Undergrad: 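Please read through the structure below; I'll follow up with questions.
Below, all heavy atoms of this structure are taken into account, side chains as well, without hydrogens, waters or symmetry copies. Bear in mind the structure is a predicted one, so any value in this text is a computation, not a measurement. Sequence lines set the chain letters: A, B, ... in the order given, protein chains first and strands last, and positions in each chain run from 1.
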Amino acid sequence: MTLKERFRLSRFYRGEKATDKPVILNHRRIFILPTHRGFNFAILIALILLIAFVYNNNLAYLLAFLLASIFFISILHSYKSLAGLILEKGQSKRVFAGEAVGFKVNISNPLDIERYNLQITLQDSKGLTIKAQNKACMTLYSSTQRRGWHTAGTVTISSTYPLGLFRAWSPVQFNFKELVYPKPSKLELPFPENSSSETLQGFRQKGADDFYGLREYQSSDSIKQIHWKTFAKGQGVFSKVYSGESSTEIWLNYGHTPGHDTEQRLSQLCRWVLDAESIGVRYGFSLPGFELSPDNSLSHTKKCLEALALF
Amino acid sequence: MNIVHNKNNLIFLLCSIGLIVLPHFRNLPAAISAFFYLLLGWRFIGIWKQNWLPGKPGIFLLSVCGLALLYSQYQGMLGRDAGTRLFIAALALKLFEIRSERDLYLITYLAFIVAASQFLYEQSLLMAAYILFVCCVLLATLISINSNKPQTGAALKTAFTIIVQALPMAVVLFILFPRIEAPRWMLFNERHQAKSGLSDSMEPGSITSLGMSDELVFRVKFTGALPPPAQRYWRGPVLSRTDGKHWTQAANMEFRQLDKPVFKGLSYQYTLLMEPQDKKWVFALDMPAEYSLPLSRNANYQLITSAYPDKRVEYKITSYTQYNTGYITHAEYEDATQLPGKPSGKIKQLVSQLHGFDGTPDIFIKNLLNHFRTQNFHYTLTPPLMEEDPIESFLFKTRYGFCSHYAAAFVYLMRTAHIPARVVTGYQGGELNKIGGFLEIRQADAHAWAEVWLKNRGWTRVDSTAAVAPERVERNINMERFVSGNAFSLAPTSNTAQEVFNWLKQARQLWGNVDYNWQRWVINYDNRNQARFLSSLGIPDIKTMIYWMIVITALLTLVLSWFLLHQKQKNTDRALRIYNRFCKKISNRGLLRGSGEGAKDFAERIKIKFPESKGDIDQITEIFIKLHYGKNATSDDLKALSKYVALFKM
């Protein structure tokens, strides 16, 4: 860390540069300031000193000095409540816009002391206690509004243990970054009519998928198509086949998607992708400058959603 | 909100508050104590029965009750008593208004103030220890609030640790923090409870039982040799006017202010630690020669302080037991020969029989003392009542009395023979604390003796009680503590009783010594003592004092930080420590062990990168796993691990 970085004020609340590596909390990262209660405690000490002074009472002096020393020493204890903890970035899952992304943080306590009442904050605070030489995993949620890459700010871990007179905190920035898919539209529109003649009849959203029969599971089949009843009976893995499925393909095309603006269209496309995936229809996908031939699989869906998120 | 409704936290808080107010029982009016403990008990029940707690109107009503109670016990707005009562009543009422963590803190802080107010009433070592203990509980309350899963034992332990760590720094601050005496206007005048002690008058005939208070009056530590027990007379008020029953001080006390008696023999230098008194008398060894302000000597050679006597004060005094006061003034002569009327024939007859009218004063004194000794006079603490003509009744009828009777009778007879005489009151003897080497003088050591003026010798002490009960004066024990009823026996009782008695006496002396040093060094450490003590350490002024305070505090902080924070590396498991060394060697080559990575997985990972040291890695990992998780590991394994890790190279 250069000298300039060392004196940057933002270290106090934003922490050091974002990282993927585990972060050990040490004197460079832990900050301590008195709380309100701490300031009031100082006033209390002053008051007892005044009593001691007016009555010239040595034991009252001693009490005031004892409290002052306790006040002072609790700075060290505050430091100790965080020092040595190791924070590590964990996994996170993609979400749709409007949902909250859960970033996982692993906190390990390699030392022989118990850590009481740690507060870990991203957007909301969560309390936890970690036993000596133990670990905890916390999922911190960060709400999203828009599709695209979502980055979370600083994770702050803090503690007022033991006396609540001082708050020790350490802001840690991780490379928390997660893709947010567009919010699926709430409108129940039918799939778009395709230029391809085979699918002219179109699909109804629901109920159209009349059950046709079972067939041997193929690796491209969606997990939702598996007929779990037969699987549970030990009769093998079968996929449900719906009438007309094998013969239909649809195209989800940006150009044919209704909507006032880009976001509405993307949102509608997102909805269609999810629906098509869930009913197991093979669908092709095209955005300006991006095209995927018809398929129905999880990875296909993922690619489509990624394209939507980053469009 | 679970912080506020957490039962453990509340129980902790209520207990510590109950403890903190407990010693105030003696200082508070019963009504306020009752009010406090009633509310505390109510709040205690409220922990389990939430709906028994009063609502807003209830709290208002209670507050009105509290105010009315305070008003009924009205003691002024400011000052110790009023302040303490106000804080305690506020504390009790605040208990019903715990809504947030803030309220818990406010209550704790109030409790600390009540703890401080306790010291305004009593400053004994025991009280200090008690308050320290309660502070520990209060801190534990704060710890309990700040840890989301409160455990009583752990919280108390942490609180204790913090206090132990804070104490050295507190002591340094105590010694070096500059003491400045508060300006006069800031001092509140407190009404003091009248202390039982020597009074400025004496009426022996109207007393049937002398109080034997064990209360300490003062302590004396001699720098050199101690005076012999028979010389240990601590001079108090001198009573020379009498109406036959009642003895009082003479009105004229101004003369002889500049008088310088002639001192002879050994000088005794001592520090006298006076307990708080309600009179301005300082009981110096008869007779004080050198003393400094605020002391002064009045016409009767008694030391008087000009400061408030309600504080414990230490004086440095030099006394001589041999002295000659020289001449007698006219006023003194008049006072010292004054009689309430003509002495009766019976008394005159006794005086002439003892050669009071025809012999020298010396002969008369000798005869009189001999008369007391031989004519069946008795020393008792429970004399019969002598309302009418107390002196005559004592001399011719009852012949039972204590020091005042003997002194009064002696002086009366002297005056009848026209010899100037007067009664001196004060203390006699004192118990030697062998451990601390100082004398403890208690109320029970109060004494009265006579003083006669003799030509060429000035005022001379004659202790008429010594004639009857020489043990009272010469033995280094307190008669009163052993006298029961009319007769006293000094015969040794059984051996075990004696042993137990000796043991008790030793324990008492040990405690007395601890207490004396506590009073001298802690309670009495004021600006003068501080200046004296620090300059003896080479710290002359406030500036250096503050420098030293900062330096020592910083040093202590360093030491403490090292102790507190250094244990980072301390892993209980030695094997793990050695293994960590191994991990460090590998991390130097760019491979870091993940925080949750098992030793085996880690070994697999490094073997891929460093296939050439496969054997060593396997060996180290195997021994480590055996030591860390296995059951039959030996210390040889530990040594082997240490060796392998030390030899490990890549």
Undergrad: Between R94(A) and E178(A), is there a salt bridge with N-O shorter than 4.0 Å?
TA: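 R94(A) and E178(A): salt-bridged.
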Undergrad: For the side chain of W518(B) and the backbone of Q123(B), is there at least one donor-acceptor N/O pair under 3.5 Å apart?
TA: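 Confirmed, W518(B) side chain pairs with Q123(B) backbone.
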Undergrad: Could you walk me through whether I43(A) and Y109(B) pass the side chain to side chain contact (heavy atoms under 4.5 Å, CB included) test, one step at a time?
TA: CA-CA 10 Å; I43(A) 294 172; Y109(B) 291 177; over 6 Å; no
Undergrad: With chain B as the partner, which of A60(A), G164(A), G127(A) has the greatest number of non-hydrogen pairs under 4.5 Å?
TA: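 Of A60(A), G164(A), G127(A), G164(A) has the most heavy-atom pairs under 4.5 Å with chain B.
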Undergrad: Aromatic contact between H77(A) and F166(A), with the criterion being ring centroids under 6.0 Å apart: yes or no?
TA: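 No: the rings miss the under 6.0 Å criterion.
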Undergrad: Compare every heavy atom of I175(B) with every heavy atom of Q530(B), then report the nearest pair and how far apart it is.
TA: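 Smallest interatomic distance, heavy atoms only, reads NE2-O, 2.9 Å.
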Undergrad: Non-hydrogen atoms of chain B under 4.5 Å away: do they reach the side chain of F41(A), the backbone, both or neither?
TA: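 Both backbone and side chain of F41(A) come within 4.5 Å of chain B.
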Undergrad: Under a 4.5 Å heavy-atom cut-off, does chain B meet the side chain of L59(A), its backbone, both or neither?
TA: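 Both backbone and side chain.
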Undergrad: Just checking heavy atoms, which of residues 61-69 of chain A are less than 4.5 Å from chain B?
TA: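 The list, in residue order, reads Y61(A), L62(A), L63(A), F65(A), L66(A), L67(A), S69(A).
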Undergrad: Hey, does the Lys NZ or Arg CZ of R167(A) hover above the aromatic six-ring of F31(A), less than 6.0 Å from the centre and inside 45° of the axis?
TA: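 Judged by the rule, R167(A) and F31(A) form no cation-pi pair.
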Undergrad: With a 3.5 Å distance limit and no angle check, can you tell me whether Q165(B) reaches the backbone of I73(A) through a side-chain donor-acceptor pair?
TA: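 It does not hold such a pair.
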Undergrad: So which of L44(A), N57(A), L47(A) has the largest heavy-atom pair count under 4.5 angstrom toward chain B?
TA: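 Most heavy-atom pairs within the cutoff with chain B belong to N57(A).
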Undergrad: With a 4.5 angstrom heavy-atom cut-off, could you sort out which part of F112(B) is near chain A: side chain, backbone, both or neither?
TA: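 Contact with chain A involves both backbone and side-chain atoms of F112(B).
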Undergrad: Heavy-atom cut-off 4.5 Å, strictly under: side chain, backbone, both or neither for L132(B) against chain A?
TA: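 When you check distances to chain A, only side chain atoms of L132(B) fall under 4.5 Å.
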Undergrad: Hey, is NZ on K126(A) packed in by over 12 heavy atoms from elsewhere, all under 6.0 Å?
TA: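 Yes.
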Undergrad: Above 12 or not: heavy atoms from other molecules or residues under 6.0 Å from CH2 of W548(B)?
TA: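 For W548(B), atom CH2 is not crowded (no more than 12 foreign heavy atoms under 6.0 Å).
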Undergrad: Around atom CZ of F160(B), are there more than 12 heavy atoms of other residues, nucleotides or ligands at under 6.0 Å?
TA: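 No, CZ of F160(B) has 12 or fewer neighbouring heavy atoms, counting only those of other groups under 6.0 Å.
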Undergrad: Please classify the contact between A154(B) and chain A as side chain, backbone, both or neither, with a heavy-atom cut-off of under 4.5 Å.
TA: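 Side chain of A154(B) only, per the 4.5 Å heavy-atom cut-off to chain A.
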Undergrad: Is the number of heavy atoms from other residues, nucleotides or ligands within 6.0 Å of CD1 (I24(A)) greater than 12?
TA: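 No, the 6.0 Å shell around CD1 holds no more than 12 heavy atoms from other groups.
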Undergrad: Do you know which of I143(B), I131(B), T108(B) has the most heavy-atom pairs under 4.5 Å to chain A?
TA: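 So the answer, after comparing I143(B), I131(B), T108(B), is I143(B).
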Undergrad: Do any of residues 151-163 of chain A have a heavy atom less than 4.5 Å from a heavy atom of chain B, and if so, which, in residue order?
TA: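 Under the 4.5 Å heavy-atom cut-off, T160(A), Y161(A), P162(A), L163(A) qualify.
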Undergrad: Could you have a look at N58(A), I48(A), N40(A), I51(A) and say which one has the most heavy-atom pairs with chain B under 4.5 angstrom?
TA: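 Max contact count across the listed options: N58(A).
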Undergrad: Taking every heavy-atom pair that is under 4.5 Å apart, which of V171(B), I180(B), T553(B) has the most such pairs with chain A?
TA: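 Among the listed options, the one with the most contacts to chain A is I180(B).
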Undergrad: Are F72(A) and I75(A) packed together at the side-chain level, in the sense that at least one heavy-atom pair is separated by less than 4.5 angstrom?
TA: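 When only atoms from C-beta onward are counted, I75(A) and F72(A) do touch, with a gap below 4.5 Å.
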Undergrad: Measuring only between side-chain heavy atoms, which start at C-beta, is M169(B) closer than 4.5 Å to T557(B)?
TA: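 Of all side-chain heavy-atom pairs linking T557(B) with M169(B), at least one is under 4.5 Å.
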Undergrad: Classify the side-chain pair S142(A)/H150(A) by whether it contains a donor and acceptor separated by less than 3.5 Å.
TA: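 Short answer, yes.
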